[in-house]
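Presented below is the structure to which this report refers.
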Amino acid sequence: MEREKIYNETKLVSGNDKNGIKDCAEHLASGEVVAFPTETVYGLGANAFDAEAVGRIFAAKGRPSDNPLICHVGDKDLIKDIVSEITPLAQKLIDAFMPGPITVIMKKADAIPSAVTAGLGTVGVRMPSDPVANEFLKACKVPVAAPSANLSGTPSPTNARSVMEDMEGYIYAVIDGGDSVFGIESTVVDATSEKPVILRPGAVTKADIEACANGDAAYAGTLEAGQTPKAPGMKYRHYAPFANVEIMDMPKNAKLIGDEADDAALSEVKKPDFAEMSEDDRQALVDIASPFIHREKELLQANPFARVGVFAGVEVKALYEKLGDKILLAHTEFYEYGNALDVRAAAHSLFEGLRHLDSQEVDVILAQGLTGGGMATAYMNRLGKAAGKKGELLPDMPKPERPARAELPLEAFKDTFTVQILFADDDNTCLSQACEAIMTGLIEKNSSYDMLVSRDIGCEIYCESAGITASDGASCDPGMIKAVSEVLGRNISHCRSTRIDPALYDSSDLIITVRDEHAFEIIKAFPQIKDKVFSLSSFAASCGLVFKDAGGRTVSISIPDPRGENEATYMHTVKALKAWLEMLFPYLIKSMGAERA
Ligand code: TXA
Ligand code: MG
């Protein structure tokens, strides 16, 4: 489905801004699309009585329109306008769990257009408990049809920034209500007959529903023979990040935290203290972490360049660090959700974790599997869909492209932070100038405001070059000017050399030389800054990166000075530098304390 930008700017409205929320509600009632927070995930809402407005949701999501939407209300009185029948079971569920993370399927009223229900005779009704959602939905005065606010096929958003990433320019506004507490979508229960059928597991568990209904509940997958499952939309790829996801089994005898709890409370996060730990606790920890470590070693053996994302508890990262394998650590991006066995915490962070690791452009995500009967059912349902389901794409569905990242202006962050990388050589007319040009291109491509120091602090990266023996103001080597222009399309003919002085060393967070001897010279002259001076090859080694050629032989980064050589050698030099810097880019920004947004 073609997506078309229709707004120059999508408003970001604070959850504390009463007037802003009222304005959003008015725009929604008159046909526009607004994203709003809920306790499960963010929703993409439109007036459920207005078929045209509902069509705009599908356009913004880029999703085909044969998946039914849930109607959200801020007031139980509105339910009677949406449905034509409330069965006794539906009434019990409404009384027991609304407002809360549940969607109840009932027979639809004529007033609800078939665009909302994808032609079904039933409709899902949900009343969120999130206070901002509640205020907004009340102000709308109409039922709000809303799917999760992600681009079709990507993980559901659990904060306003994730919504902006997918929706900037496509919708009127995003209301920011902070992090969604549960982090995965509502339990969907069909209550059109006597027995509750769970179409999608969520934070309201099977046990909760059975207690309320005073009888058995079934999962849609276990319907009796002859009945057709009622959860449409199953044929679409859901929740999938762009990296491959693999599920790491939890130890058989481990006990989950929060599986049957009925609120969103997370356990207090405890970093393991190896010195104080009993032998049993130590073993338990090794049992949790070792599937990750073994699998990652296998992956690195198959592909020494692989970057691996780990979605796991704090214990797992602690064990990686305790092991101290530099190569393993250099190839790993962690997203820690809390205590490894806390299933509420894992669910809370699952989609955000997948999105984050994806943004770090890892090749594979290893994620903690957690098996149980309550919240764990919902968690594993979502994780299962994110993992390995790529083969289940319908043959005529292309694999989604990684979408271009929305450009968040630096002002969107509370604070910004600047870091500087300096490329150094002898006279700053050739190799270091080429590096500066390449790096500047990489920073622009990844856009400086795409970098973060933490999730709240934006990071601006500056790049400079200078020479140890440079005579200030010399122009670049003509061969290099030509090669940079041909290979990179950048003009460096106006660049002039700068001699390194202590102030420049001081203001640089990382100093990189192409040739080893230049790094040695700088360190010899200024031993106090040795921790931030590297040659390309010593930097790669410090990250634990090992390069092999097609024949399996270890390759070191060695780039000769092209001065005095022919045109082809200059071109080859720029191409080689470009390839190395592109490869090292994520490691360079990480070592300066930044990461991709
Ligand atoms: O927590 C949630 O439910 C979030 C927030 C925004 O409220 N919404 C959400 O919507 O997850 P969506 O569209 O991503 O998922 C709705 C699910 C789909 O699996 C859909 O097939 C099912 O509910 N559904 C909706 N109406 C249905 C109906 N009439 N019969 C059967 N399944 C239905
Ligand atoms: Mg969804």
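What's counted below: heavy atoms across the whole structure, side chains too, no hydrogens, waters or symmetry copies. Whatever order the structure lists ligands and atoms in, that order sets their numbers, starting from 1.
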If we number the atoms of ligand 1 from 1 as shown, the ones under 4.0 Å from a heavy atom of Pro68 are 20 (C), 21 (O), 24 (N), 25 (C), 26 (N), 27 (C), 33 (C)

Note: ligand 1 atoms sitting under 4.0 Å from heavy atoms of Leu120 are 28 (C), 29 (N), 30 (N)

Basic-acidic side-chain contact under 4.0 Å: Arg307, Glu333
yes

**Mutual orientation of the aromatic rings belonging to Tyr7 and Tyr172 [parallel < 30°, tilted 30-60°, perpendicular > 60°]** = perpendicular

Ligand 1 atoms nearer than 4.0 angstrom to some heavy atom of Thr122 are 28 (C), 29 (N), 30 (N)

Compute the shortest N/O to N/O distance between Tyr42 and ligand 1 and return yes if it is under 3.5 Å, no if not.
no

Practice task
Taking atom types as modelled, find out whether Ser148 and Glu185 have a side-chain donor-acceptor pair closer than 3.5 angstrom.
Solution key: no

In ligand 1, the atoms that come under 4.0 Å of a heavy atom of His72 are 5 (C), 6 (C), 7 (O)

Partner of Thr103 under side chain to side chain contact (heavy atoms under 4.5 Å, CB included), picked from Ile70, Thr40, Thr187, Leu199, is Ile70

Self-check item: Under 3.5 Å: N/O of Thr38 near N/O of ligand 1
Solution: no

To atom 13 (O) of ligand 1, the nearest of Pro147, Pro101, Ser186, Gly202 on a heavy-atom basis is Pro147

Measure up the Phe36 and His72 rings against each other and bin them: parallel (under 30°), tilted (30 to 60°), perpendicular (over 60°).
perpendicular

With heavy atoms and a 4.0 Å threshold, my read on which part of Leu199 contacts ligand 1 is side chain

Per-atom filter on ligand 1: closer than 4.0 angstrom to a heavy atom of Ile70 are 3 (O), 8 (N), 9 (C), 10 (O), 16 (C)

Taking only non-hydrogen atoms of Gly43 and a 4.0 Å limit, the atoms of ligand 1 in range are 6 (C)

